[in-house]
Amino acid sequence: MGALLLVSLIVAALFASGVAATIVDRVEVLVCQIAGGGNCEERLGAELEPCLVNSSQQSSNFKVFVGVVEVGKDSILIREDFSDGTSRFTLIDSTELKGELFAGVRAKAGKFGLSAAAEAAAGGQLQGAQVFEVPTEDADEFEESVAAAGGFDGLLRDTAEINDEIPILGWDNPLGGLDDLALDVLGVDEDDPTVDPTEEYVDVSAFIEGDAGAGAGVGILDAEVEASAQGAAGVKVIHEGERAGEVELYYSLEGEAGGSLTAGLLGPNIDGEASVVATLVLDANGEPKTLKLSGTASYTGALGLDGEVDGKDAAQIHELLEEASLSANSGEGSAVQAGAELDLSDPVNRDIALRLLTPSRGTQAAAIPDLIERLESDGLLTLDFFDVSRDETDGEVKIGLGVGGGAGGGQESEEQTATGSYVREPGGRFQERVCAR
Amino acid sequence: MRALTALFTMLVLLAGCGGDELSGAADVPERYSLYRGEGVSFAHPDGFEAETKTNANGVKEVTLKDPAGGDDAPYIHLTVAPDRGDDIEPLARSVRVATESIFDGEVSDEREVDVEGATAARRVEIRQPSRSGPMFERESLLVLAPDERFYILSAAVPESADDALDRDAVIRSFRLGESS
């Protein structure tokens, strides 16, 4: 006990002196171990996930003229900056989907935030959307390059190939080199002009088709998981990093199930039609790994909610949220997002999660009381506070694209800035989240 | 000699183009029947029975197989997804990515085909392992219709029983509009 007291005093001194967070984190593990806690390293890992510090979504609508060829290109670029110095860009490059999707995002701003996962869960067809991860210090350049091109490497690659020689005559185009320069800016190798995404959205029908022979042992899902997958509206596969091979399935829980779950996450006093985004994470073998739930509500005025969260348990947070006037519908302003994660390697948790996500009349809503109980005892809970703002400009972006090159168009952006982030480990109290740096 | 080579190449390409055009009356082999439903038609072995379901995500599935065939029997599967736009490339890419990155399979061939009445179509050949080990050979036809419905018709057999299902006949018999 004396040793614990001594180490605690050291930790307090370290905090006061602002010593590097990593050292403090190691000492916290030591405290955990001396106190007889289990899985101390795992807890540290959970705390040190990178936090989202900012996200913005841009819609670009450009017309590009290259020689006598007119190429129209619409795209949506979602940027998310994380506290560990990385930025993630989700590029949705589809003329057909642009209008519908961006309109959807605008309508949902404040309800779902600006999450591509939320779009996928709500049935937004993100097939082909790709996620790229770059250092934040290079993110502005990346964003400007993609926005200026009105798309990504495909457009520039095609353009460059078209302009390397003059059509029909076959002579070298003296201005074709400008395109190659643009490729260099984007870091695209002309001889192998592909950039591998770190994550990728696939159409849910392709996922279903790949698992269609499940009865013959084809595919990766067992019968229970396959039944749950049939309710998923979107799918993402992770290509790189520690989670390579994992698959995320997205669901939008609405109606009775969504309302009950929202009440469990954010309290019963939410105004408007509430819904929850559920993500079922499958490991590389198709086994359920984690259930993630996220519900967002907006509020107006300075309620000071985020200043009162620290040190409270889940029940106290519920009381706090019940006093606030939350809405599931409004757009700009302040927003609170409640999240929960459940480890599905526990068979009881797995069973509850699959009941929740398997579309069968009555089953989903019936699973919610059990789910709330497990979340309170065994779940990782998070509360994130955001400010949401919008900006619309008619600015023009130009880029040299060979003969007659140039691109122009309006831009709209929505921005979401985190103002507070709290986490509650299973059985603990809410504490300010320690983010990876 | 060069002219002869060019002529031969052209003939091969022309033959290939003709083989990838799915139009007119479908050729239904002996001991095969025609399935009609979901706005399409295609041939299947006489003994196969169809099971249809609509998922909560709006995707319809039709599975045809021999009810006495056992777990590792050949199967035909049709997926119909509504409101998929007018660009087939992200959908075809989805099939490639799902096959290779999720199901540990490989796409050995992919080519454009002409399907009468379709906005665009691709034909892909896939090898995909089963959980118990045996490899399945799958031919899939991806068709995007003008009403934005996206069809995937697959004919799959275990590698060891390649003759159990005429995959080419199934795929080539596909028609939009339930015509025969």
Side-chain angles (χ1 to χ4, degrees), chain A residues 92-97 100 123 125-130 154 197 199-222 227-239 244-247 249-252 282 284-286 357-360 364, chain B residues 53-63 65 69-87 89-105 126 128-136 138 140 142 148 150-154 156-158:
Chain A
I92 302 156
D93 201 11
S94 164
T95 304
E96 174 69 25
L97 297 175
E100 158 191 344
Q125 303 301 331
L126 295 182
Q127 65 267 23
Q130 297 175 319
E199 300 173 2
E200 203 160 357
Y201 290 86
V202 300
D203 192 86
V204 72
S205 65
F207 183 74
I208 287 172
E209 190 64 27
D211 214 65
V218 179
I220 58 170
L221 310 182
D222 66 25
S228 295
Q230 290 166 4
V235 180
K236 183 172 76 175
V237 59
I238 291 141
H239 293 305
E246 289 185 10
V247 176
L249 304 178
Y250 302 109
Y251 305 75
S252 182
L282 305 177
N285 298 314
L357 301 177
T358 302
S360 171
Q364 290 179 287
Chain B
K53 64 179 174 183
T54 302
N55 299 332
N57 54 21
V59 174
K60 288 184 179 175
E61 295 184 73
V62 182
T63 307
K65 59 191 300 186
D71 281 348
D72 58 351
Y75 65 88
I76 297 170
H77 189 264
L78 176 72
T79 303
V80 189
D83 303 324
R84 266 20 184 207
D86 60 4
D87 185 3
E89 175 49 31
L91 299 163
R93 181 175 174 83
S94 289
V95 172
R96 291 195 297 273
V97 171
T99 299
E100 295 175 351
S101 299
I102 300 176
F103 299 110
D104 290 331
I126 290 167
Q128 187 175 325
S130 63
R131 285 194 300 275
S132 55
M135 187 70 75
F136 270 69
R138 171 156 67 98
S140 292
L142 322 181
E148 301 190 349
F150 178 53
Y151 296 91
I152 308 177
L153 174 67
S154 295
V157 293

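FYI, side chains are in, hydrogens and waters are out, and symmetry mates aren't considered; it's all heavy atoms of this structure. Residue numbers start from 1 in every chain, and the chains themselves are labelled A, B, ... in the order their sequence lines are given, proteins ahead of strands.
For B:Val59, the part lying under 4.5 angstrom from a heavy atom of chain A is the side chain only. For B:Glu89, no part lies under 4.5 angstrom from a heavy atom of chain A. With a 4.5 angstrom heavy-atom cutoff, B:Arg138 touches chain A only via side-chain atoms. Of the two parts of B:Thr99, neither the backbone nor the side chain holds a non-hydrogen atom closer than 4.5 Å to a non-hydrogen atom of chain A. In this structure, the portion of B:Ala81 lying under 4.5 Å from any heavy atom of chain A is its side chain and not its backbone. Contacts between B:Ser154 and chain A at a heavy-atom distance below 4.5 Å involve backbone atoms as well as side-chain atoms. With a threshold of 4.5 angstrom between heavy atoms, A:Ala229 approaches chain B through N, CA, C or O but not through any side-chain atom.
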Step-by-step side chain to side chain contact (heavy atoms under 4.5 Å, CB included) determination, A:Val204 to B:Asn55: CA-CA 11 Å; A:Val204 72; B:Asn55 299 332; over 6 Å; no
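Exactly one residue among B:Val95, B:Leu153, B:Ile152 makes a side chain to side chain contact (heavy atoms under 4.5 Å, CB included) with A:Glu209. That residue is B:Ile152.
Contacts with chain A were tallied for B:Ile102, B:Val97, B:Ile126; B:Ile102 has the most, counting heavy-atom pairs under 4.5 Å. Contacts with chain A were tallied for B:Leu142, B:Leu91, B:Val80; B:Leu91 has the most, counting heavy-atom pairs under 4.5 Å.
Here the CZ atom belonging to B:Arg84 is positioned 4.0 Å from the CG atom belonging to A:Asp203, to the nearest 0.5 angstrom. A distance of 4.0 Å separates CD of A:Glu200 from CZ of B:Arg93, quoted to the nearest 0.5 Å. The line from NZ of B:Lys60 to OG of A:Ser205 is 14.5 Å long, rounded to the nearest 0.5 Å.
When all heavy atoms are compared, the tightest approach of A:Phe207 to B:Phe103 is O-CZ, 3.4 Å. Among all heavy-atom pairs drawn from B:Ser94 and A:Tyr201, the shortest one is OG-O, 4.3 Å.
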